[in-house]
Amino acid sequence: MNLPPIFVQKLQHSNHLNSVLALHPNILKSGYLSDQFTANHLLFSYLKFHKIKHAHQVFKEMPSPNVVSWTSLIAGYIECGAPEKGLHLFETMCRRSIVVPNSFTYSAVVNACSFLADIQSGEKIHARIERLGYQSCVVIGTALVNMYGKSNDVAKARRVFDTMPYRNVVSWSSVISVYAQNALGNVAIGLFGEFIRTVSELPNEFMFSSIISACASLGRLGTGRVVHGAVIRLGYANDVVAGALVDMYAKCGCIGYSDKVFRRIGKPCVIPYTSMIVASAKHGLGKLSLELFKEMLEKGIRPNNVTMIGVLYACSHSGLVDTGLDHLNSMEAKHGIEPNAKHYTCIVDMLGRVGRVDEAYNLAKNTPMDTNDATLLWASLLSASRIHSRLDIAIEAGQRLIELNQQLASVYVTMSNTFASAGEWESVHGLRRSMKQQGLQKEPGCSWVEIKDRSYVFYAGDLSRCERVSEVMSLLRELEMRMKERGHVSGSNKGLVFVDVEEEDKEAIVGLHSEKLALAFGLISIPKGMTIRVMKNLRMCFNCHEAFKMISEIVDRDFVVRDLNRFHHFKNGSCTCGDFW
DNA sequence: TTAGGGTTAG
């Protein structure tokens with residue numbers, strides 16, 4: 001039996017960076033850096049400890065790095081969060097033409113393009129992969145599916161997947177996550193079913209996480225519970241799946257289940273904590289969010305920038321303005337997290353809600369950001385300005401959004417509504433003309449809810465497509481009556497009336513009703529990219545937690561989904577488990 | 001004989 005060289009054995013058994021650091025000069029002195037196998041092990045040992053500079057030093061010290069050395073270093077740069085450097089290194093490798101990239105190199109490079117969402121480079125590399133015939137490699141195919149998905153080109157991702165000669169559970173997970181991440185949860189769920197029916201492999205944690213996330217975005221509680229059952233039966237219990245479940249139950253209105261799932265995690269890491277912080281915040285339980293945040297800090301779990309978004313979001317949605325400002329101002333000193341545009345957007349939103357529109361505006365003006373962040377921030381400020389009748393700031397926010405060329409139809413509608421509430425009809429008509437000239441049409445707001453495997457869809461301003469209209473209307477009347485009893489009159493409807501510029505004469509309040517209804521059933525659908533509208537109108541009218549309490553008094557218990565039969569799909573009819581908990 | 005693909009929270 002051939003044993004690996006002695007240094008390699010030692011490197012393989014190094015569990016601490018110090019032992020690698022100690023071996024390095026010995027390897028150098030003994031001349032073993034010219035042995036590619038040993039040098040590559042040294043390089044890789046540094047990468048295991050995320051020491052990219054040390055790894056690069058080894059690479060430079062090697063007299064003749066081979067394809068493994070180049071590929072390891074490229075992958076190392078991607079791993080440590082510098083994919084652009086990985087890509088640059090690949091270009092150098094090709095330019096020098098001494099070492100030829102292989103399939104391992106190409107999979108790493110495609111991965112770099114995924115992280116950068118750089119579809120231009122990705123497509124060029126894809127073309128080279130095809131020329132070289134590497135496209136039939138399952139790892140490269142899967143990496144390409146992921147790359148197109150991360151660049152939001154779902155069609156191309158699917159085309160690659162469909163032409164793969166061999167696919168495994170990783171390839172299926174990848175294509176399912178592409179749909180889940182691109183607001184096409186129904187397709188993701190359909191593909192999951194196809195995988196279960198046609199592939200003999202079992203789904204794994206990656207696949208389950210994506211599918212649970214798809215259920216969350218669609219508000220598909222029934223499917224989500226069935227998937228949860230499968231997760232339990234297959235014994236999967238990692239933080240990522242648990243975090244996805246916490247999020248799914250919260251988005252489906254079941255914060256109690258979120259809490260149960262969360263509390264069953266032995267040692268939750270930062271992600272489930274963040275899920276639970278956000279979940280509580282969305283249900284109006286800001287104080288619980290802050291308690292959870294304190295708890296995780298006490299356990300020594302370090303928050304990241306998303307956790308801080310959750311904390312600020314919690315303050316914002318529970319009116320804890322001063323606490324929110326304190327967290328913003330201390331997050332860098334206390335947790336080493338520099339506030340970014342998303343954090344400032346939470347704060348602008350928080351100030352805007354309580355009517356501190358000038359402060360919100362000053363903050364918005366002075367925050368540097370990219371187009372996506374700017375769109376969220378100015379849209380939030382526009383909405384707050386409308387609610388608080390600040391025509392001056394609404395005009396500026398609207399202009400900024402028009403300059404950004406984002407959400408134009410929404411901007412025109414909100415601006416028009418703001419002018420309408422101020423009685424400035426000339427401007428309202430001007431905006432309507434402008435919309436017509438540009439051919440802008442606002443897509444109607446849409447909410448949906450899944451009850452016993454059936455989806456009920458509600459369009460703003462249009463009840464004709466809504467099933468069970470009379471039941472819906474009677475529930476709404478009762479809900480509104482109770483809201484009024486509890487003081488949720490919401491400023492003589494000023495902030496609540498939803499006027500569609502194209503349909504101004506219709507009964508405008510209907511649009512709002514349909515959205516309230518989705519909440520009434522305890523289910524808020526939040527597909528990526530579509531969310532905000534639904535939430536925005538809701539949040540202006542009442543506190544979600546309060547609503548859930550009221551709804552549980554009104555809604556028939558029959559609406560709770562208890563059917564777990566679809567377990568059978570996963571276990572050939574041998575399921576006997578009737579209780580999730 | 002070292003190196004490669006898929007997940008969650010905003």
Side-chain angles (χ1 to χ4, degrees), chain A residues 2-5 8 11-12 35-45 47 65-76 78-79 101-112 114 134 137-147 149-150 161 164 167-178 180-181 203-214 216 236 238-248 250-251 262 268-279 281-282 303-313 340-343 345-346 373 376 526 528 531:
Chain A
N2 284 332
L3 283 172
V8 172
L11 286 166
Q12 281 177 328
D35 172 44
Q36 291 170 330
F37 186 61
T38 305
N40 284 341
H41 268 283
L42 179 62
L43 192 157
F44 192 67
S45 299
L47 291 177
N66 65 7
V67 64
V68 179
S69 333
W70 281 93
T71 305
S72 301
L73 195 62
I74 290 169
I78 299 163
E79 176 76 13
N102 64 12
S103 66
F104 284 75
T105 324
Y106 279 103
S107 64
V109 173
V110 171
N111 208 6
S114 301
Y134 284 137
C137 163
V138 65
V139 177
I140 291 188
T142 306
L144 284 168
V145 168
N146 183 44
M147 187 273 290
K150 291 287 184 318
F161 178 76
M164 284 171 75
R167 297 181 289 219
N168 60 17
V169 65
V170 184
S171 337
W172 279 89
S173 295
S174 182
V175 75
I176 285 171
S177 74
V178 167
Q181 289 164 359
N204 60 18
E205 282 105 328
F206 290 90
M207 199 178 271
F208 276 125
S209 303
S210 293
I211 265 325
I212 293 163
S213 158
Y236 294 145
N238 71 15
D239 270 22
V240 172
V241 175
L245 284 166
V246 166
D247 179 60
M248 185 272 291
K251 283 183 181 154
F262 179 72
C269 70
V270 61
I271 290 172
Y273 259 109
T274 306
S275 303
M276 196 62 214
I277 286 169
V278 174
K282 281 193 171 149
N304 60 25
N305 68 322
V306 186
T307 318
M308 292 315 299
I309 293 171
V311 169
L312 300 178
Y313 181 92
N340 63 28
K342 291 187 174 63
H343 300 108
T345 301
C346 282
D373 288 332
L376 282 174
I526 311 185
K528 281 176 187 162
T531 22

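Numbered from 1 within each chain, the chains take letters A, B, ... in sequence-line order.
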Using atom [atom1] of [X] as one end and atom [atom2] of [N] as the other, report the distance to the nearest whole Å.
{"X": "F44(A)", "N": "dT1(B)", "atom1": "CZ", "atom2": "P", "value": "16 Å"}
{"X": "L42(A)", "N": "dA3(B)", "atom1": "CG", "atom2": "P", "value": "14 Å"}
{"X": "E79(A)", "N": "dG4(B)", "atom1": "CD", "atom2": "P", "value": "9 Å"}
{"X": "Y134(A)", "N": "dA3(B)", "atom1": "OH", "atom2": "P", "value": "17 Å"}
{"X": "Q36(A)", "N": "dA3(B)", "atom1": "CD", "atom2": "P", "value": "15 Å"}
{"X": "F206(A)", "N": "dG6(B)", "atom1": "CZ", "atom2": "P", "value": "8 Å"}
{"X": "E205(A)", "N": "dT8(B)", "atom1": "CD", "atom2": "C1'", "value": "12 Å"}
{"X": "Q12(A)", "N": "dT1(B)", "atom1": "CD", "atom2": "P", "value": "10 Å"}

Is [X] touching bases, backbone alone, or none of the nucleic acid, heavy atoms closer than 4.0 Å?
{"X": "C346(A)", "value": "nothing"}
{"X": "T38(A)", "value": "nothing"}
{"X": "N102(A)", "value": "base"}
{"X": "I140(A)", "value": "base"}
{"X": "S173(A)", "value": "base"}
{"X": "S103(A)", "value": "base"}
{"X": "V138(A)", "value": "base"}
{"X": "N304(A)", "value": "base"}
{"X": "V278(A)", "value": "sugar-phosphate"}
{"X": "S209(A)", "value": "base"}

Side chain to side chain contact (heavy atoms under 4.5 Å, CB included) with D35(A): which residues, sequence neighbours excluded?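 Side chain to side chain contact (heavy atoms under 4.5 Å, CB included) check on D35(A) returns P5(A), Y32(A), F37(A), T38(A).
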
Answer yes or no: does a side-chain N or O of [X] lie under 4.0 Å from OP1 or OP2 of [N]?
{"X": "Q181(A)", "N": "dG6(B)", "answer": "no"}
{"X": "N146(A)", "N": "dG6(B)", "answer": "yes"}
{"X": "S107(A)", "N": "dG5(B)", "answer": "no"}
{"X": "K150(A)", "N": "dT7(B)", "answer": "yes"}
{"X": "N111(A)", "N": "dG5(B)", "answer": "yes"}

Return the nearest nucleotide to the side chain of [X]; candidates are [options].
{"X": "K282(A)", "options": "dG4(B), dG5(B), dG10(B)", "value": "dG10(B)"}
{"X": "T274(A)", "options": "dA9(B), dT7(B), dG10(B)", "value": "dA9(B)"}
{"X": "K251(A)", "options": "dA9(B), dT8(B), dT2(B)", "value": "dA9(B)"}
{"X": "S213(A)", "options": "dT2(B), dA3(B), dT8(B)", "value": "dT8(B)"}
{"X": "T142(A)", "options": "dG4(B), dT7(B), dG5(B)", "value": "dG5(B)"}
{"X": "V68(A)", "options": "dT2(B), dT8(B), dG5(B)", "value": "dT2(B)"}
{"X": "V67(A)", "options": "dG5(B), dA3(B), dT7(B)", "value": "dA3(B)"}
{"X": "A143(A)", "options": "dT2(B), dA9(B), dG5(B)", "value": "dG5(B)"}

Are a donor atom and an acceptor atom from the side chains of T105(A) and N102(A) found within less than 3.5 Å of each other?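 Side-chain D/A pair, T105(A) to N102(A): present.
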
Begin from the C-alpha positions of S114(A) and N111(A) and carry the test side chain to side chain donor-acceptor pair (under 3.5 Å) through to its verdict. CA-CA 5 Å; S114(A) 301; N111(A) 208 6; 4.5 Å; no

For K342(A), salt bridge (charged side-chain N to carboxylate O under 4.0 Å, His left out) partners two or more places apart: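 Checked K342(A) against salt bridge (charged side-chain N to carboxylate O under 4.0 Å, His left out); matches are D373(A).
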
Between CG of N40(A) and OG of S45(A), what distance do you get to the nearest 0.5 Å?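 The distance works out to 10.5 Å.
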
In terms of ring plane angle, is the pair W172(A) and F161(A) parallel, tilted or perpendicular, where the classes change at 30° and 60°?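 Rings of W172(A) and F161(A): perpendicular, over 60°.
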
Sub-3.5 Å donor-acceptor pair from the side chain of S213(A) to the main-chain atoms of S209(A), do we have one?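 Pair absent, no side-chain N/O of S213(A) close to backbone of S209(A).
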
Once hydrogens and angles are ignored, does a donor-acceptor distance under 3.5 Å link the base of dG6(B) to the side chain of S174(A)?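 By the distance-only test, no, there is no pair.
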
